[in-house]
Number of protein chains: 2
Amino acid sequence: MNIGTAAEESGVPAKTIRYYESIGLIPPARRAENGYRDYSGFDIETLKFIQRTRKLGFSVKDVGGLLQLWRDKERTSASVKALALRHIDEVEQRIGELQSIRQTLIDLTDRCHGDDRPDCPILDEFAQVPNEARD
Amino acid sequence: MNIGTAAEESGVPAKTIRYYESIGLIPPARRAENGYRDYSGFDIETLKFIQRTRKLGFSVKDVGGLLQLWRDKERTSASVKALALRHIDEVEQRIGELQSIRQTLIDLTDRCHGDDRPDCPILDEFAQVPNEARD
DNA sequence: CTTGACCTTCCAGTCACTGGAACCCCATAT
DNA sequence: ATATGGGGTTCCAGTGACTGGAAGGTCAAG
């Protein structure tokens, strides 16, 4: 199977497959006689695995770890769960930050009339003291 | 004021101030006789403005836009509000994505016993069909 | 006069791709 | 036979927003 077909089947762009090979996330592909990369059904499964974990926000490094655990039939489920739980922590951390940002922005935009006049509480807030010096 | 002091006062690292200058987000700093960058209180205000908007997740490009609006006394509050509302949309979008990721990961980890045995629903899910083919 | 803490520039690395140039290969239509 | 179009190959550069580090100049204190 050529890289284009592998890309289609796995959902990972051809360019990205080559990139994953170049950084060692996947082993170098077998080559056909003409020099083209040649992929098997198993390779596609690996690419799909990568695709799914990437979509769940795991870093490429973590995906590498997950791939190793996947291949290692002696792994403990605890080691996998630990990696996943750590990632959940990071995601929740980020959600919290974004929610705080969101609330601040909503407070600001609520106070801005948003018309033709130049005076704007949003810019005022960006320009003035952050919060506590208003007391 | 030297760059180190400006960094301290504004909260923007010296390295980052130079970077902002290099990409044109801020104009080239005045130079003292020894060639050192020299910052004024007004420069510090600008850096603080940048710091605050960056912390609210605006891209450097958007921060540039906000700086222009800030300097332009003829701007309309509507233009500022529009930029902010657009950013709120992006933030909410991202929060939604992360919440969906979080839920998926929690569902997965809940089903994983996390002990010494190798069988693990998390890896199974990453390896198997995504969702719909389970039906 | 030396030490250490500043400052300067410039280049490289991060993360995870993505775009593009320049080239090769292959099947089909003319 | 050949032109065309669509694969594939490599390698280099760019993205965003910094950050680290090397190599060197400057300055105040001991």
Side-chain angles (χ1 to χ4, degrees), chain A residues 1-26 28-40 43-44 46-67 87 90-91 93-94 97-98 101, chain B residues 1-26 28-40 43-44 46-47 49-67 87 90-91 94 97-98 101:
Chain A
M1 193 188 306
N2 282 350
I3 198 170
T5 316
E8 215 174 320
E9 302 252 316
S10 68
V12 181
K15 206 107 207 195
T16 306
I17 298 177
R18 286 192 203 99
Y19 167 72
Y20 285 159
E21 183 181 312
S22 83
I23 61 168
L25 181 63
I26 51 177
R30 248 181 331 283
R31 297 301 179 121
E33 289 191 3
N34 56 14
Y36 287 13
R37 286 175 181 80
D38 184 31
Y39 296 94
S40 68
D43 294 331
I44 303 304
T46 303
L47 287 169
K48 283 185 183 171
F49 182 103
I50 293 172
Q51 179 77 340
R52 285 177 203 128
T53 49
R54 286 289 300 132
K55 285 208 166 160
L56 287 173
F58 287 95
S59 69
V60 167
K61 190 157 170 288
D62 278 354
V63 171
L66 288 167
L67 276 174
H87 185 46
E90 290 164 10
V91 169
Q93 175 89 30
R94 186 72 190 127
E97 289 167 10
L98 288 176
I101 285 173
Chain B
M1 191 187 312
N2 282 351
I3 199 169
T5 317
E8 214 173 322
E9 302 252 317
S10 66
V12 181
K15 206 116 206 191
T16 306
I17 298 176
R18 288 192 202 98
Y19 167 72
Y20 285 159
E21 184 181 312
S22 82
I23 60 167
L25 181 64
I26 51 176
R30 246 180 332 281
R31 297 299 181 124
E33 289 191 5
N34 56 13
Y36 287 14
R37 286 176 182 80
D38 186 30
Y39 296 93
S40 69
D43 295 330
I44 303 303
T46 302
L47 287 170
F49 182 102
I50 294 171
Q51 178 77 341
R52 286 175 204 129
T53 49
R54 285 290 299 134
K55 285 208 167 162
L56 288 174
F58 287 96
S59 69
V60 166
K61 191 160 169 285
D62 277 354
V63 171
L66 287 167
L67 276 173
H87 185 46
E90 290 163 10
V91 169
R94 186 74 189 126
E97 289 166 9
L98 289 176
I101 285 173

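Quick note on labels: first sequence line is chain A, next is B, and so on, each numbered from 1.
For the pair E21(B) CD and dC10(C) C1', the computed distance is 14 Å after rounding to whole Å. K55(A) has its NZ atom 12 Å from the P atom of dC17(C), to the nearest Å. Here the C1' atom of nucleotide dA16(C) and the CG atom of D62(A) are 14 Å apart, to the nearest Å. Distance CD1 (I23(B)) to C1' (dT19(D)): 14 Å, rounded to an integer number of Å. When rounded to the nearest whole Å, the span between NZ of K61(B) and P of dG14(D) equals 19 Å. Between the CZ atom of R18(A) and the P atom of dG7(D) there is a distance of 12 Å, rounded to whole Å. In this entry the distance linking CG of L56(A) with P of dA16(C) reads 15 Å, nearest Å. The CG-P distance, from N2(B) to dG25(D), rounds to 18 Å in whole Å.
With hydrogens and angles ignored, the 3.5 Å screen pairs a side-chain donor or acceptor of N34(B) with a backbone N or O of Y36(B). T16(A) contributes no side-chain N or O that, together with a main-chain N or O of V12(A), makes up a donor-acceptor pair within less than 3.5 Å. Between the side chain of H87(A) and the backbone N or O of L56(A) there is at least one donor-acceptor pair closer than 3.5 Å.
Taking the side chain to side chain contact (heavy atoms under 4.5 Å, CB included) definition, one finds that T46(A) meets it with I26(A), F42(A), I50(A), L67(A), W70(A), R71(A), sequence neighbours left out. Not counting sequence neighbours, R54(B) has no partner by the side chain to side chain donor-acceptor pair (under 3.5 Å) test. The side chain to side chain donor-acceptor pair (under 3.5 Å) test applied to Q93(A) returns no partner, not counting sequence neighbours.
Checking S59(B) against I3(A), the closest nucleotide of DNA chain D that is more toward the 5' end is the one next to I3(A).
End-to-end axis angle of the helix from dC1(C)-dG30(D) to dT30(C)-dA1(D), using five pairs per end and rounding to 10°, comes to 30°.
Taking the side chain as every heavy atom from C-beta outward, V60(A) and I23(A) approach each other to under 4.5 Å. Using a 4.5 Å heavy-atom threshold, the side chains of R30(B) and D43(B) count as touching.
Here the side chain of R31(A) is nearest to one of dT10(D), dC17(C), dT9(C), namely dT10(D). Looking at the side chain of R37(A), the nearest of the listed nucleotides dT9(D), dC17(C), dT9(C) is dT9(D).
Here F58(A) lies out of heavy-atom contact (under 4.0 Å) with every strand.
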Classify every nucleotide of nucleotides 18-28 of chain C by which part a protein heavy atom approaches to under 4.0 Å, writing B for the base, S for the sugar-phosphate alone and - for neither, in 5'-to-3' order. BBB----BS--

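Contacts classified as salt bridge (Lys or Arg N to Asp or Glu O under 4.0 Å) and involving residues 7-19 of chain A (residues at least two apart or in different chains) are not found.
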